[in-house]
Each structure stands twice: as C-alpha cells, then as structure tokens.
Enquirer: 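Dropping the structure in here first, questions after.
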Protein chains: 2
Amino acid sequence: MAVHEREQINLDGPNGIDALFSKRGLRITAPRRLIARVLFESGDHPDAEELYERVKEIDSSISIATVYRTMKLFEEASIVVKRDFGDGRARYEPQTGPQDHHHHMIDIETGEVLEFYHQGLEDLKKQIAKDLGFDLVDHHLELFGVRIKPKN
Amino acid sequence: MAVHEREQINLDGPNGIDALFSKRGLRITAPRRLIARVLFESGDHPDAEELYERVKEIDSSISIATVYRTMKLFEEASIVVKRDFGDGRARYEPQTGPQDHHHHMIDIETGEVLEFYHQGLEDLKKQIAKDLGFDLVDHHLELFGVRIKPKN
DNA sequence: TTACATGCAAAATATTTGCGTAGGA
DNA sequence: TCCTACGCAAATATTTTGCATGTAA
C-alpha cells in the first residue's frame, strides 16, 4: 500500500484536452478548456466555488453556473470525479484512468487529504458486493483520522 | 460476512430514551423524545424532511428547525449517525452501539440500501490508516452496485 | 445556419439562525 | 425562577434553471 501519486496528464498535444473532449463527443469551448485545465493542474480537491475563483483569475468573464454545468458534464463523461468529504460541498478531481480508483485519508485536525490505493481493499470490496448479490459499479471510501504523534 | 441486522433498542423502561438523554446530559423534552422514538423505530435512513413528515403525523406542532437542531445534537451525543449516500441530503440512523460500525450497499437501480458488516474490512481499514501514520477516528464506506441477475 | 453553450439573475434545495415565547429542571 | 428549547420566519449556503445572446461545428 502506498500513498497515491496522481497521474499527471499532458494537457496539450495529440492526447490533450481537446482530444479528450472530441473523444467523449463534447463540444470544445473556451470555458470548458479553461475549467478542465485549471482542475487538471490542481493537486487538491477544489469545490465549485474554489474552482470558480481559480478560473476567474484567468478569465473573469466565466460564471459559476458554467462551472457547475461543466462539472456535471465532465462527471457524466468520466473526465472528473465528484467527491464528498462530509462538509456539505461537492469537491472535484480529475479522473486520470478507469482503474485508478484511489481513496482518501482525511486529517480531521488539519483538513489535509492524502490519496491512497490498496489493491487488497479493492479486491475485498468487490468480493463483499458479490457476496451480497451485486456487481460493484462504484464505491466511496473515506477514512477520517488524526496523525499518530511520534514518541519523544 | 453477513447482512447486518440493526439492533433494536427497548425505547421504554430503565434503559430507554429518557435514560439515554440523561446519561448524555441532554434535557428531556417532548419534541426530542418523539423525534428519537420515530427515528429509532424507522428501519431505513430518513433525511430531515422525511423524518419531519413522520414526526408531524404524530405531533403536527413540531417544526423542521427542531428536527435539524435535534439531529445535530444527537449526532454530537453519539445517539444518531449521519450518512451521505451522495444525493445531496444528509440521512440519519440510530447509533445502536460504539462497535456497531456497519456499511451500506446501495442498489443504484432501485435505491434499496442493505446494511452489512465485515470484520476483515474493519481490520484492513485500521491497518491502512496506521500505515499512513494515522489513528482511525471514523470512516465512511458506501458500495454502489446492481443486482446480479440470476441465470435462467 | 443551427443547435448547443454561456452569462446573468432568479429559483430551488438543504440547512442554519435570530428572536420572542414556552417549558423543563 | 431561570436557563434552555421551541416555533416561526428570515437568512445562508449550495446548486440548478429560464431566458436572451453568443459561438462552435
């Protein structure tokens, strides 16, 4: 088990954002390009408001309605993943690959979020679902904890 | 691993709701008693609105603000647990015991929710948190899936 | 050209809060 | 009696939507 490092996608070039949009049948527009770029270059999990602030610094004409609409669109196209860390707002992160199903360890003292991946956990969840009579389509796991203090 | 059966608490008598309130230092009021009773007798995961509707049928004078305030109070007193099934509303269920940490398998076609418990999963999550340098305080796991169709 | 995307503001949804009154300890 | 809880309505926070206009294909 290792802390998960988010795969960095090359946003330009032949496998860049425009190509991704085309592949998913999405119309290429300036707002969508910019919103995707800002989110893909973020290393964290911004909510709609935070994403909107970051985007607005580059193009102040973009509205928050477009951010929400674009997130919903990207989610349906499997370009972004919506997360819920229990604070009443949806947060977003790039979806870098279909098998890249990581989870989150949240420090309840600092709010810090670590991403991790654990194959045994993936296998176990699939097995549990199967035992219950289900094919697993999606799953959410968040761990909340406090850092173990090093002994002096 | 087994489907989890929710422990049914005796709401009256010496270990009933009033005793629970006293034990947690909560003032005993008619609205709190009723809201607790209705939630503890529900076998599902009502959101605030649903809980309010059920309570209103018994005492129509109760307001939804009290339902929200009471849920927050009960949550802090570890009497109820707040759940998030990803539909933008908080849902509530009784907390029947400190070690009674079950999870949810959600049928994305029907909305049906199965509760389950799996000791191996509990152990694995604790171990993962420890490996990441954390003491696990809480965790949320929801599985989303579709029923495996029986072969004809 | 034509359908779809966007900005803006209003609406919808979920939850919280101020205030005056009611009620439990 | 006194402090806290309650009901009500207004406020807040988050997300969605109608409509007129702009823009990609």
Enquirer: Is the backbone of Arg91(B) close enough, under 3.5 Å, to the side chain of Arg83(B) for a donor and an acceptor to pair up by distance?
Expert: no

Enquirer: Can you check ring-ring contact (aromatic ring centres under 6.0 Å, His included) on His103(B) and His139(B), steps first, answer last?
Expert: CA-CA 10 Å; His103(B) 298 288; His139(B) 53 281; 5.3 Å; yes

Enquirer: Between dA5(D), dT15(C), dA25(D), spot the one nearest the side chain of Ile28(A), thanks.
Expert: dA25(D)

Enquirer: Once you apply a heavy-atom cut-off of 4.0 Å, does Ala30(A) come out as touching a base, just sugar-phosphate, or nothing?
Expert: nothing

Enquirer: Which nucleotide in the set dC8(D), dA14(C), dC8(C) lies at the smallest distance from any side-chain heavy atom of Arg89(B)?
Expert: dA14(C)

Enquirer: What nucleotide among dT15(C), dA5(C), dG7(D) has an atom nearest to a side-chain atom of Pro31(B)?
Expert: dG7(D)

Enquirer: Sort and list the pairs that fulfil ring-ring contact (aromatic ring centres under 6.0 Å, His included) and have at least one residue in residues 42-66 of chain A, not counting sequence neighbours.
Expert: His45(A)-Phe85(A), His45(A)-His104(A)

Enquirer: Please determine whether a side-chain nitrogen or oxygen atom of Ser61(A) lies at a distance below 4.0 Å from atom OP1 or OP2 of dT6(C).
Expert: no

Enquirer: Side chain of Ala65(A) only, heavy atoms from C-beta on: which candidate in dA25(C), dT17(D), dG7(D) is closest?
Expert: dT17(D)

Enquirer: Does Phe40(A) have its ring centroid less than 6.0 Å away from the ring centroid of Phe74(A)?
Expert: no

Enquirer: Need one value for Arg27(B): base, sugar-phosphate or nothing, where a base atom within 4.0 Å counts as base even if backbone is also close, heavy atoms only.
Expert: base

Enquirer: Within this structure, what is the CG-NE2 distance for the pair Leu124(B) and His118(B), rounded to the nearest 0.5 Å?
Expert: 9.5 Å

Enquirer: Find the distance Asp87(A):CG to dT16(C):P and express it as a whole number of Å.
Expert: 12 Å

Enquirer: Would you indicate what Arg69(B) reaches in the nucleic acid, counting non-hydrogen atoms under 4.0 angstrom: base, sugar-phosphate, or nothing?
Expert: base

Enquirer: Below 4.0 angstrom, which residues in residues 44-54 of chain A have at least one non-hydrogen atom near DNA chain D?
Expert: none

Enquirer: Determine the contact category for Ile62(B): base if any of its heavy atoms lies under 4.0 Å from a base atom, sugar-phosphate if only primed atoms, P, OP1 or OP2 are that close, otherwise nothing.
Expert: sugar-phosphate

